[in-house]
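Written out below as structure tokens is the structure these notes cover.
Since we're looking at a predicted model, the values are computed, not measured. Letters A, B, ... mirror the listed sequences (proteins, then strands); counts begin at 1.
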Amino acid sequence: MDYLDGWKRTGSCNSLNKSHVGQQAVLMGWVQRRRDHGGVIFIDLRDREGITQVVFNPEYAPQSHKKAHEIRNEYVIAVRGKVCLRPEGMANPNLATGEIELMVEEVKILNQAKNTPFQIEDQIDTAEDVRLRYRYLDLRRPVLQKILMLRHRVCQQVRRYLDQLGFLEIETPVLTKSTPEGARDYLVPSRLNPHSFYALPQSPQLFKQILMVSGYDRYFQIVKCFRDEDLRADRQPEFTQIDLEMSFVEREDVMQVVEGMVKEIFQREKQLTFSNPFPRMTYQEAMSRYGVDRPDTRFGLELVDITDLVRNSQFKVFAEAIQKGGQVKGINGQGCGSLSRSEIDDLAKVVQIYGAKGLAWIKINPDGIQSPLKKFLSEEEIANIKTRMKAKVGDVIFFVADAPSVVAASLGALRLTLGQKLNLIDPNRYDFLWVTDFPLLEYDSQEGRYVAMHHPFTAPMVEDISLLETDPLKVRAQAYDLVLNGQEIGGGSIRIHTRQMQAKLFDKLGIGEEEARQKFGFLMDALEYGAPPHGGLALGLDRLIMILAGTSSIRDVIAFPKTQKATCLMTNAPSEIRPEQLKELRIKLDHS
RNA sequence: GGGGUCGUAGUUCAGUUUGGUUAGAACGCCGGCCUGUCACGCCGGAGGUCGCGAGUUCGAGCCUCGUCGGCCCCGCCA
């Protein structure tokens with residue numbers, strides 16, 4: 001094995017082209033592949049920028065050619081030689097450097113490599129647990145390197161953009177205070193304060209509000225947040241937010257800043273220009289038309305309410321659901337007429353996951369309708385439904401009758417399934433949407449109290465404040481979510497900035513005065529010392545990168561992600577610790 | 001907490017329906033040959049705790065029970 005001995009790279013493995021022919025060059029990188037022809041040996045040399053073919057010729061450089069025999073895949077080598085035009089007809093159009101090659105004069109083997117458990121290339125079929133165990137090899141694959149480079153560019157652009165607008169990047173603590181509400185906290189025991197625990201932040205929410213009180217005016221941070229909840233394809237226990245907060249602003253001001261930032265990112269990364277403001281939709285409208293608060297507006301198949309048409313229907317499933325305060329809504333599956341009975345059964349399984357008891361359907365055939373409901377519905381009812389649903393021959397109308405929340409969730413999910421099945425979703429389209437006018441509170445029947453829909457520091461709409469006493473669920477929040485292609489990529493609000501209003505909210509949430517003082521005393525106090533009106537937003541960086549990279553797993557955009565059981569297969573975290581460590585922390589384990 | 005799915009050479013899989021001799025294939029790897037390949041080619045070879053543990057059986061990769069792990073989903077994620 002060899003040392004660098006003062007060698008310096010003249011460029012990356014993507015740096016050489018026709019214009020360098022005749023020059024000397026030094027390249028270093030990993031061996032992608034070796035092709036030994038008995039005489040001449042070719043090696044594809046790879047670094048994060050690209051690949052260059054280097055050539056070992058027994059006549060040109062006998063010593064190096066001999067040494068090339070012992071080189072294997074993923075060896076780390078350095079080569080010095082002359083840049084040559086490839087012989088006539090030998091150029092490789094698939095390679096950026098394909099017109100040239102490096103005729104090696106001297107080679108250094110900088111390190112050897114064992115056989116890797118999988119090939120270091122984009123197209124592999126390897127199980128994800130193997131990839132995660134050898135994440136350092138997985139990350140060597142160009143497809144992942146490109147994503148992390150994309151992530152870097154986006155972060156740099158966010159910093160430039162916000163800096164230009166006068167935002168200050170200020171760090172907030174990672175060891176902080178556990179607070180009620182929201183997700184489960186990750187806890188860290190305090191050695192110096194036995195029996196006490198820090199919590200890792202679910203977000204820097206309170207610190208950024210305090211910074212506004214302190215007069216920093218405009219803050220941002222690209223920051224890790226921690227939530228000890230179950231994982232999903234788009235959820236990790238530690239994830240990154242682009243977090244920002246502004247003073248002396250209203251909703252429009254925050255939305256404008258964020259919109260401008262996102263537009264710049266898409267301009268640069270996707271060469272897409274959004275000349276108009278992002279569309280807006282109220283929460284109410286989103287729920288009623290799409291069944292979710294983050295609608296994918298790239299396709300139709302909207303939900304249609306037919307409750308009034310079937311209120312007195314002979315079909316008991318409909319009538320009884322309505323009687324219990326529920327509703328009946330439908331989706332016109334345009335062109336679903338070709339679906340088989342078993343495919344429709346599969347669709348029924350989709351809605352059942354969300355609590356629907358079944359999926360009713362009416363198929364519009366050329367010779368009339370086909371439906372399990374046919375004998376329960378009158379001619380008039382069917383005609384009315386067909387008109388309301390704008391159904392024509394070849395369509396299938398699907399219905400769910402249940403409580404409004406079940407109808408929304410199940411039909412919202414069915415809509416997405418149908419959109420995919422019918423190929424209605426254009427993957428090259430990027431539909432942004434602001435969802436506004438969220439309810440401030442929702443009722444948690446399990447806990448028997450109101451909980452904040454966004455968080456307890458969100459300001460109510462000024463004109464709704466009086467409703468707090470009379471009809472709390474009707475109070476709208478000064479909150480806004482940014483939705484992209486049916487994914488929530490950001491959310492924010494104008495915050496409460498007076499102690500009185502904050503106290504009122506805590507009261508509504510069933511947080512007593514004593515508890516409020518204990519958990520949020522510092523915030524309450526701070527609000528009494530001249531807190532300016534302020535508001536902000538946080539964007540989910542990981543999800544944004546997922547969409548930009550076109551990947552369906554959040555693990556593809558995080559260098560060292562965790563498994564669904566929140567473990568790291570590379571380091572084997574979390575792990576047991578030494579008894580002395582526990583003793584220092586005055587912690588005893590319960591092995592029951 | 002619940003539902004689904006997967007686990008067999010380094011990797012991806014077949015074999016499980018119907019238990020039965022020595023568990024196969026491809027890619028990768030190793031060796032030999034080959035001076036213009038770029039998925040190089042040709043010849044040869046090595047490589048297995050069938051996730052783990054019990055059980056049924058004359059006999060288990062295959063059947064039963066348990067357990068561990070990966071992935072997707074519901075709940076959860078202010």
Expressed in whole Å, how much space separates the C1' atoms belonging to B/G53 and B/A60?
14 Å
Which part of the nucleic acid does A/Gln564 contact within heavy-atom distance under 4.0 Å: base, sugar-phosphate only, or nothing?
base
Could you tell me how far B/G24 sits from B/G66 if I compare only their C1' atoms? Round to whole Å.
30 Å
Using the C1' atom on both, measure B/G69 against B/C34 and round to a whole Å.
46 Å
Is there side-chain contact between A/Gln202 and A/Asp185, with at least one heavy-atom pair below 4.5 Å?
yes
Salt bridge (charged side-chain N to carboxylate O under 4.0 Å, His left out), paired with A/Glu121, selected from A/Arg140, A/Arg33, A/Arg141:
A/Arg33
Check this for me: does the side-chain of A/Asp230 come within 3.5 Å of the base of B/C77 through a donor and an acceptor?
no
Look at all strands and tell whether A/Tyr354 reaches a base, only sugar-phosphate, or nothing, counting heavy atoms closer than 4.0 Å.
sugar-phosphate
Taking the side chain as every heavy atom from C-beta outward, state whether A/Arg251 and A/Thr436 have any pair of such atoms under 4.5 Å apart.
yes
Any donor-acceptor pair, under 3.5 Å, between the side chain of A/Gln119 and the base of B/U11, if you only look at N and O atoms?
no
Between B/G36 (C1') and A/Asn57 (CG): distance, integer Å:
10 Å
Where the side chain of A/Thr126 is defined as all heavy atoms beyond and including C-beta, which of B/U12, B/C74, B/U37 is the nearest nucleotide?
B/U12
Among the candidates B/U12, B/G31, B/G75, find the nucleotide nearest to the side-chain atoms of A/Arg232.
B/G75
Closest-nucleotide mapping onto RNA chain B: is A/Pro180 or A/Asp234 further toward the 5' terminus? I mean the 5' end.
A/Asp234
Nearest-angstrom distance from the residue atom CG of A/Asp36 to C1' of B/C30
14 Å
At 4.0 Å (heavy atoms only), tell me whether A/Asn115 reaches a base, stays on the sugar-phosphate, or touches nothing.
sugar-phosphate
Tell me what A/Glu101 touches on the nucleic acid: a base, only sugar-phosphate, or nothing, going by heavy atoms under 4.0 Å.
base
Mind checking A/Phe42 for me? I need base, sugar-phosphate or nothing, with any heavy atom below 4.0 Å counting as a touch.
base
Got a donor-acceptor pair under 3.5 Å from the side chain of A/Arg33 to the base of B/G28?
no
Describe the nucleic acid contact of A/Pro87 in one word from base, sugar-phosphate, nothing, applying a heavy-atom distance below 4.0 Å.
base
Nearest to the side chain of A/Arg555 - B/C38, B/U12, B/C71?
B/C71
Please state whether the base of B/G75 and the side chain of A/Glu229 form at least one donor-acceptor pair under 3.5 Å?
no
Quick note, A/Met90 side chain, CB onward, closest among B/C71, B/C38, B/C74 is B/C38
Before you tell me yes or no, could you show the steps for A/Lys421 and A/Asp346 under salt bridge (charged side-chain N to carboxylate O under 4.0 Å, His left out), namely the whole-Å CA-CA distance, both residues' side-chain angles and the distance that decides it to 0.1 Å?
CA-CA 12 Å; A/Lys421 208 172 168 67; A/Asp346 287 345; over 6 Å; no
From the options B/C71, B/U37, B/U12, select the nucleotide whose nearest atom is closest to the side chain of A/Glu128.
B/C71
Would you say the side chains of A/His455 and A/Glu181 form a donor-acceptor pair under 3.5 Å?
no
Under 3.5 Å, is there any donor-acceptor pair linking the side chain of A/Arg235 to the base of B/C76?
yes
How would you label the contact of A/Asn94 with the nucleic acid (heavy atoms, under 4.0 Å): base, sugar-phosphate, or nothing?
nothing
Quick check: on RNA chain B, is the nucleotide nearest A/Gln53 upstream (toward 5') of the one nearest A/Pro117, or the reverse? Name the residue that is more 5'.
A/Pro117
Respond yes when some side-chain nitrogen or oxygen of A/Lys565 is under 4.0 Å from OP1 or OP2 of B/G70, and no when none is.
no
Who pairs with B/G55 - Watson-Crick or G-U, where each distance is under 3.5 Å
B/C63
Please measure how far the P atom in B/G28 lies from the corresponding atom in B/G41, and state the result in whole Å.
8 Å
Whole-angstrom distance between B/C29 and B/C40, as gauged at atom P
10 Å
Using only heavy-atom distances, determine whether the side chains of A/Asp556 and A/Thr551 contain a donor-acceptor pair under 3.5 Å.
yes
At under 4.0 Å between heavy atoms, what does A/Arg86 touch on the DNA or RNA strands: base, sugar-phosphate, or nothing?
base
Take atom C1' in B/C13 and the same atom in B/G7, then report the distance between them in whole Å.
12 Å
From the list B/C72, B/G31, B/C40, which nucleotide is the closest neighbour of the side chain of A/Ala233?
B/C72
Side-chain contact check for A/Asn73: nearest option of B/U12, B/G28, B/C74 is B/G28
Is any side-chain N or O of A/Arg131 closer than 4.0 Å to OP1 or OP2 of B/G10?
no
Check whether any side-chain nitrogen or oxygen of A/Arg35 sits under 4.0 Å from OP1 or OP2 of B/C40, and answer yes or no.
yes
Let's test this: given Watson-Crick or G-U wobble pairing with both distances under 3.5 Å, identify the partner of B/C71.
B/G4
Distance check, C1' atoms only: B/G47 and B/C27, in whole angstrom units.
14 Å
Applying a 4.0 Å non-hydrogen cut-off, can you work out what A/Thr179 is touching in the nucleic acid: base, sugar-phosphate, or nothing?
nothing
Quiz question: going by heavy-atom distance under 3.5 Å, is there a donor-acceptor pair between the base of B/C77 and the side chain of A/Arg227?
no
Between A/Thr567 and B/G70, is there a contact of a side-chain N or O with OP1 or OP2 at under 4.0 Å?
yes
Write down the distance separating the P atoms in B/A54 and B/G15, rounded off to the nearest Å.
28 Å
Do you see a donor-acceptor pair shorter than 3.5 Å between the side chains of A/Glu105 and A/Ser64?
no
What integer distance in Å separates A/Arg72:CZ from B/C29:P?
9 Å
Do other residues, nucleotides or ligands put more than 12 heavy atoms under 6.0 Å from A/Tyr134 OH?
no
Nearest to side-chain heavy atoms of A/Ala183, which nucleotide of B/C77, B/C38, B/C40:
B/C77
